[in-house]
**Q** 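Please find one structure pasted underneath; my questions will follow.
Both backbone and side-chain heavy atoms feed into the values below; hydrogens, waters and symmetry mates do not. Small disclaimer: the values here were computed from a predicted structure and weren't measured.
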Amino acid sequence: MENKNSNDRRRFLKNMTIGTAGLAAIPGLLTSCKAEAKEKETSTVNQAMQTKSSSVVTRKNIASLSKDDPELKLLRDAVAILRKRSADWPLDPAGWSENGALHTKFCATIEFTYQVHYSWYVWPWHRAYLWTLEKKLQDAVREPQLALHYWDWTKHPKIPGHYQGDETNPLFNDTRLAEPNDIIPFDFINLGPALRSKKFNTFGGYPFPYQGKGPQIDGIAEQSFHNNIHNWIGGEMAGFVAAGYDPIFYGHHGNCDRFWQAWLNADPAHRNPTDSEWLEKTFYFTDEKGKPMELKIRDILDTEKLGYRFADLDFNNEDGSYNSLEDKVVPSYELVKASGIYNTSIEEEQKVQSLEKVNLDEASHVLLKFKRAQLPYMPYCTRVFFLFGNNKPSKDNCKYIGTFTILPIVSAEGGKLEKDVYMHVEITSSIRNQIDTGGEIKVFFEPVQVRGRNIPDEPLQIEGVTFSLV
């Protein structure tokens, strides 16, 4: 259980402004890896693996485990030890608070050389982040067989009970807004468009612009289900500043890491980048003893070599009603617009959404760009509809495109995040022809109702949209 000081510190990080003054406070909360590196050698993946058992642990779906499962108890015990370290010394680099602060440092920053979101670095950085935490947890309980777990929200679209309760549960967080019986809207976890992405840039993001000059473009996986669920949970999870302090973050990102491997396995043509700029990118963490650690992307691409595997890569519903590669969840425009309430049951979701089979030969992707200033607030969760011609939007002429959440972030040294939004969307051949021939397409955003947020229910027409086929 956290004491008052650690709770106060967590609230401070959650509420601080991400600006020059706010970021100036962060280094004071972090142990300086750079300074320590001058005094002692940094460790690497190879060094870390040489000191560990050669066995490979299996990460499992936490929602499939019973509440008294020994693996779950071991995980709770390990998290409790890391929390206790932070309660005793908030700057302990092997403690829970400093682990959360690492996420703040590299995901809520305006420093160009640190930021990992909105680019092709987001998935490898988070893989390394989870792996170094797994090593800290293993060391805390002296058990190399301890494995982080993932939360498979396709099969269990509620917050698992393992994360609920009160502060006697180390996996609990009292800032979440989603309630125990809330159902994640099905289109929030519509995985097909990302799974069908043929290029890594479309799926996982574009190279970060040189010295901040050029657009910063995230992939469809980050902007859709990754952002959607962060925002849906609410509280510390609904932004980059404090998300790393909530234990459910690691269940969510464990599933995102699993999805990266599922994307690679979905099609022989799916490949990670081979550019040296990507492969040789160095990330900075701390190992299980708090010692500075350098990790290159090329060293973390094989999870088995890192010492873990996933129980499975099946992202379909248990009853077989949803095939993540072939199906598309399609909310009805009229019903979504008319609902105006937050749906909290599967029955309500089924009234609003249906499934359609996708012609895999016709599916392609387009990059949609517009001015960020048009958004009335952020985070902004929206269902995107295309309207063809000059008619008013209705269930007959509005084509559902996808559901996305746009999280707030400030500029990274002159980048365009504060000005523009780039959104990867999946389209059919008929829409592609419409774009090719210069046909008129109006883009409507239908804001999604999420618990605990005061969100207007009127649609927003986006002006000045440009399309780039990818």
**Q** Check each of Glu98, Lys291, Lys136 against Thr286 using the side-chain hydrogen bond (donor to acceptor under 3.5 Å, both in side chains) test, and report the only one that passes.
**A**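 Of all the options given, the one that passes is Lys136.
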
**Q** Checking side chain to side chain contact (heavy atoms under 4.5 Å, CB included) between Val425 and each of Ile401, Ile220, Leu367, Val443, which is the one that passes?
**A**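 Per the side chain to side chain contact (heavy atoms under 4.5 Å, CB included) rule, the option paired with Val425 is Ile401, out of Ile401, Ile220, Leu367, Val443.
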
**Q** Which label fits Trp123 and His226: parallel for a plane angle under 30°, tilted from 30 to 60°, or perpendicular past 60°?
**A**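 Geometry flag for His226 against Trp123: perpendicular rings.
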
**Q** Does a salt bridge link Asp182 with Lys158, judged by any charged N lying under 4.0 Å from a carboxylate O?
**A**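 No, no charged N to carboxylate O under 4.0 Å.
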
**Q** Measure the acute angle between the ring planes of His253 and His126, then classify it against the limits of 30° and 60° as parallel, tilted or perpendicular.
**A**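 His253 and His126: parallel rings.
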
**Q** Can we say Lys135 and Asp287 salt-bridge, meaning some charged N sits less than 4.0 Å from an Asp/Glu carboxylate O?
**A**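 No salt bridge links Lys135 with Asp287.
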
**Q** With a cut-off of under 6.0 Å to the ring centre and 45° to the axis, is Lys296 in cation-pi contact with Phe283?
**A**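 Judged by the rule (NZ or CZ under 6.0 Å from the ring centre, within 45° of its axis), Lys296 is not positioned above Phe283.
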
**Q** Mind listing the closest non-hydrogen atom pair of Gly244 and His103 along with its distance?
**A**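 Answer, listing the atom of Gly244 first, then His103: N-ND1, 4.0 Å.
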
**Q** Under a plain distance cut-off of 3.5 Å, with no hydrogens placed, do Asn169 and Gln164 share a side-chain donor-acceptor pair?
**A**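 Per modelled atom types, Gln164 and Asn169 side chains form no pair under 3.5 Å.
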
**Q** Does Lys199 have more than 12 heavy atoms from other residues, nucleotides or ligands lying within 6.0 Å of its NZ?
**A**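 Atom NZ in Lys199 is not packed in, count stays at 12 or less.
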
**Q** Between Trp96 and Tyr250, is a ring-ring contact (aromatic ring centres under 6.0 Å, His included) present by the stated rule, with each step listed?
**A** CA-CA 12 Å; Trp96 188 259; Tyr250 304 96; 5.5 Å; yes

**Q** With side chain to side chain donor-acceptor pair (under 3.5 Å) as the test, would you mind laying out the steps for His424 and Gln223 before giving the verdict?
**A** CA-CA 8 Å; His424 279 107; Gln223 200 170 68; over 6 Å; no

**Q** Thinking salt bridges, do Asp77 and Lys73 make one under a 4.0 Å N-O criterion?
**A**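 Salt bridge between Asp77 and Lys73, a charged N being under 4.0 Å from a carboxylate O: yes.
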
**Q** Any carboxylate oxygen within less than 4.0 angstrom of a Lys/Arg side-chain nitrogen, looking at Glu356 and Lys328?
**A**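 No.
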
**Q** Regarding Arg59 and the six-membered ring of Tyr308, is the cationic atom NZ or CZ under 6.0 Å from the ring centre and inside 45° of its axis?
**A**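 Ring-cation test returns yes.
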
**Q** For a side chain to side chain donor-acceptor pair (under 3.5 Å) check, start with the C-alpha distance between Asn227 and Thr405, then their side-chain angles and the critical distance, and finish with the verdict.
**A** CA-CA 5 Å; Asn227 288 0; Thr405 296; over 6 Å; no

